[in-house]
Amino acid sequence: MTRTRTRILTLFACAVLLLAGCSDGGDGADDGRITLRFQSLAWQDESVKANKELVRKWNATHPDVRVEYVQGSWDSVHDQLLTSFEGGEAPDIIHDASDDLADFAYGGYLADLTGLLPARLKSDIPQRSWETVTFGDGVYGVPFLQEPRVLIANATLLKKSGVRIPTPEHPWSWAEFRQVTKELSGDGRYGVAWPLKEPVSATLNLSLSTGGKLFHRGADGKVTVRFEEGDQVVPRTVHDQVNTDRSASPTTLGSGGSDTLPGFFAGKYAMVPLGFSYRQQIEQQAPEGFDWQVLPAPAGADGLAQGVSPQTLSVAEDSPHKKEAAAFVDFLLQPDNMVRLALGDWMLPTGEQALKDPALHTAERGWATGTALAAHLRPAPAQSVRGYAEWKDKVATPALQEYYSGAIGMDELRHRLEEDGNLVLARYQR
Amino acid sequence: MRTSTAARTGQYAALLAYLVFLAFPFLWLISIAFKPPRELASLHPTWIPKNPTLDNFRQAFDEQPLLHAGLNSLLAALGAAVIAVLIATPMAYVMARRRGRLAKAATGWVVVGQAFPFVLLIIPLFLVLKNLGLINSVPGLVMVYVVWSLPFALWMLAGYVRAVPRELEEAAAVDGAGRLRTLVSVTAPLLAPGIVATALFAFITAWNEFFFALVLLKTPEKQTLPVILTHFIGAEGVADLGPLAAAAFLATLPSLVVFALIQRRITGGMLAGAVKS
């Protein structure tokens, strides 16, 4: 019996040792070369190719600092990074979105890039973009791609209706937009389809155009929610289009952007407010001969302003080669390279030099319209509000969904966003 | 007789409805996998693609290392299934046959072990594996899958062991067989369907697992199919639907094949002819 037990223990020990022997056991860079891991979230074919090509180019010209391309996923990046940070195994260079960085920055997982980035890159990206990655006194990422929300319109229906076609110089006001959607409705067609499965960021970001702030920081640094007149214009417009004018489809309120495209292609909706990068899907999926165009989102008292959370590149605090990692980020974001990345993702670069590239100013596929909006983009209102995620999920999302569907009125919406919302935020600011 | 026919018809109708319910997502997945982008965005989708294409498969293979990921998944799932069964079989035997305090405590622990959420386990697990040098390795993932599937495997197998009549083992003992001989020659063959079912459970669980693989595997060469599939999904849930469906369709095939190959072993009469009536 004892012999049997000993045999089992020996077998188990051998299995563990065997498994340990099978592992790769780390980077193994004993030739003096530095290896940096770059986790990219690029996912569209052209974008992945552009990223890989740039990594190849870097590796060809920097024999002592090799970059290894690692594919990440938007769907799970937060959990995956959090675990990697906790385990001290995070990639050196991290691709993410600015609204995901606050927790990591405050948690001490990301390196402060203030002294690591070259002056060229600092001055090329406007201050308003740097604000999206500035937490406390530190800069924890480089914002490099962003996208405004635009109106993608069925050009044939628009021309036929005879409505004024808006441009970035002469956009529709929100009131005009409501009127236009009424005119475009009828015969089983809606003027607009709002895909508001995630209503909070869309509402907040567009509300910047009407002077909406929602989050107000007091002298003591604490943030409170105040749902004022400027915050109400966009929600009221959507609510009235759906419930009063019947010029917006009620069924798409619970849908994502992609879900509205079949109806859009079938002429069921004349316009769909979508992120700028959705043009890639439209280009790929639109039926032969379908004529579409990009229009700026409506403007309010503050013009075409709207909030964005740019895509970012950060460096892990645990990386032993921060300087080299920052140098790679600088290389990746050289103006020409930034243009390639932007074209690959159908988004806008943040860099002023890249934005001047002629490829981004062509009328084809709405590039010029989008590029004209770049100067109006601001940090998303909730960027640095602690407790925002809980406020969004528990308070704002259900409240806005109920308001848009007509289940509650504006007073109840205000009450819930403010009263319930401030209780949530207070817990994070004690 | 009439009632019996009606009841039987009802049963078949319910079974058919259930099969349709189960098959619908898979058939729809196949349909999407062969549709060109323009048909995917049609307001009136059809079951049969009007212009079937293999472009989605081509694109899926071009963009992601599907074959490599499939091999990793296969290694992880097979490894987990074999090791889990090897460990669980003797343990389940003891749990089922010995009714002492220790066996009861072990049973309790198995139940409690099922209640821990992944997110609670993942960071300590990550640190342990890191110290063992098993991060970013398929063997490391196999270890996790074995530990993860072991409680349920034990639970399953213990049930099968209890179903084997003690009289058979007692008869073997009377004939002079030792405990190990009895286990190997008498009990194990009768447990075969249970062992196969348990292995299948461990295989499919590991084959489909996403979260541990996502966190523990860092480089594309080591990643498994469920992780690679997420690479077809972009920001805000926008998906490259055609290639995603093509890759997902391919990813479901191995588990279906494994199941088809061994399902007879599971459904076959477990103790047919074992005891004389």
Side-chain angles (χ1 to χ4, degrees), chain A residues 4 8 12 15-16 18-26 37 39 41-45 47-49 68-76 79-80 82-84 86-89 91 97 147 197-198 256-258 261-266 268 275 277-278 280-282 284-288 311 345, chain B residues 36-45 59 62-65 79 83 86-87 90 119 122-127 129-130 132-140 142-143 179-180 210-211 214-216 218-223 227-243:
Chain A
T4 311
I8 290 169
F12 183 71
V16 170
L18 189 68
L19 288 169
C22 290
S23 71
D24 67 358
R37 281 194 301 126
Q39 178 168 296
L41 300 180
W43 69 283
Q44 300 197 58
D45 194 25
S47 175
V48 173
K49 278 181 187 153
E68 189 179 271
Y69 181 91
V70 180
Q71 184 71 57
S73 156
W74 282 107
D75 208 28
S76 47
D79 292 341
Q80 186 255 338
L82 185 61
T83 322
S84 304
E86 285 286 345
E89 289 282 337
E147 62 174 330
K197 190 178 173 185
E198 301 283 344
S258 304
L261 294 182
F264 177 60
F265 296 146
K268 208 174 159 191
S277 62
Y278 270 89
Q280 195 262 354
Q281 282 207 7
I282 291 168
Q284 199 185 34
Q285 297 178 358
E288 216 69 63
Q311 292 188 20
D345 261 329
Chain B
R38 292 204 161 87
E39 279 190 52
L40 287 174
S42 167
L43 192 59
H44 305 290
Q59 200 181 328
D62 280 353
E63 287 178 16
Q64 301 297 337
I83 298 174
L86 285 176
I87 297 175
V119 281
I122 191 70
I123 289 174
L125 197 64
F126 188 94
L127 294 171
L129 288 173
K130 190 189 162 200
L132 286 172
L134 287 170
I135 291 293
N136 199 33
S137 76
V138 174
V142 169
M143 279 179 76
R179 186 166 291 281
L180 189 63
F210 168 71
F211 189 56
L214 169 79
V215 171
L216 300 176
K218 293 181 293 184
T219 55
E221 306 83 58
K222 298 284 164 59
Q223 286 172 337
V227 178
I228 291 292
L229 288 183
T230 65
H231 296 168
F232 294 103
I233 299 172
E236 293 183 24
V238 183
D240 209 352
L241 207 55

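Numbered from 1 within each chain, the chains take letters A, B, ... in sequence-line order.
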(message) Quick check on B:Glu221 against chain A: is it the side chain, the backbone, both or neither that has a heavy atom closer than 4.5 Å?
(response) neither
(request) Drop me the distance from A:Ser84's OG to B:Phe126's CZ, to the nearest 0.5 angstrom. (result) 5.0 Å
(request) Measure B:Leu127 against the heavy atoms of chain A and call it side chain, backbone, both or neither at under 4.5 Å. (result) side chain
(message) Distance check, rounded to the nearest 0.5 Å: B:Ile233 atom CD1 versus A:Leu41 atom CG?
(response) 13.0 Å
(request) With a 4.5 Å cut-off on heavy-atom pairs, point out which of B:Thr230, B:Asp62, B:Val227 contacts chain A the most. (result) B:Thr230
(request) Below 4.5 Å from any heavy atom of chain B, which atoms of A:Ser258 appear? Answer side chain, backbone, both or neither. (result) side chain
(message) For B:Phe210, which atoms come within 4.5 Å of any heavy atom of chain A: side chain, backbone, both, or neither?
(response) side chain
(request) Please test B:Val238 against A:Trp43 for side-chain contact (heavy atoms from CB on, under 4.5 Å), starting from the C-alpha separation and ending with a verdict. (result) CA-CA 10 Å; B:Val238 183; A:Trp43 69 283; 3.9 Å; yes
(message) Just to verify, what does B:Arg38 make a salt bridge (charged side-chain N to carboxylate O under 4.0 Å, His left out) with, not counting sequence neighbours?
(response) A:Glu288
(request) Any chance you could measure A:Thr83, atom OG1, to B:Leu125, atom CG, to the nearest 0.5 Å? (result) 10.5 Å
(request) For a side chain to side chain donor-acceptor pair (under 3.5 Å) with B:Lys218, tell me which candidate from A:Gln39, A:Glu89, A:Gln80 qualifies. (result) A:Glu89
(request) Could you tell me which portion of A:Tyr69 (side chain, backbone, both or neither) has an atom closer than 4.5 angstrom to a non-hydrogen atom of chain B? (result) backbone
(request) Hey, could you give me the CG/CG distance between B:Leu40 and A:Leu261, rounded to the nearest 0.5 Å? (result) 11.5 Å
(request) Please flag which part of A:Ala42 lies under 4.5 Å from any non-hydrogen atom of chain B: side chain, backbone, both or neither. (result) neither
(request) Report the option among B:Gly234, B:Gly242, B:Pro37 that has the most heavy-atom pairs separated by less than 4.5 Å from atoms of chain A. (result) B:Gly234
(message) List the residues meeting side-chain contact (heavy atoms from CB on, under 4.5 Å) with A:Pro262, not counting sequence neighbours, and say none if there are none.
(response) B:Leu43
(request) Please flag which part of A:Lys268 lies under 4.5 Å from any non-hydrogen atom of chain B: side chain, backbone, both or neither. (result) side chain
(request) Check B:Ala41 against A:Gln285 and note the closest heavy-atom contact, atom names and distance. (result) CB-OE1, 3.4 Å
(request) Could you grab the distance from atom CD of B:Gln223 to atom CD of A:Gln71, nearest 0.5 Å is fine? (result) 8.0 Å
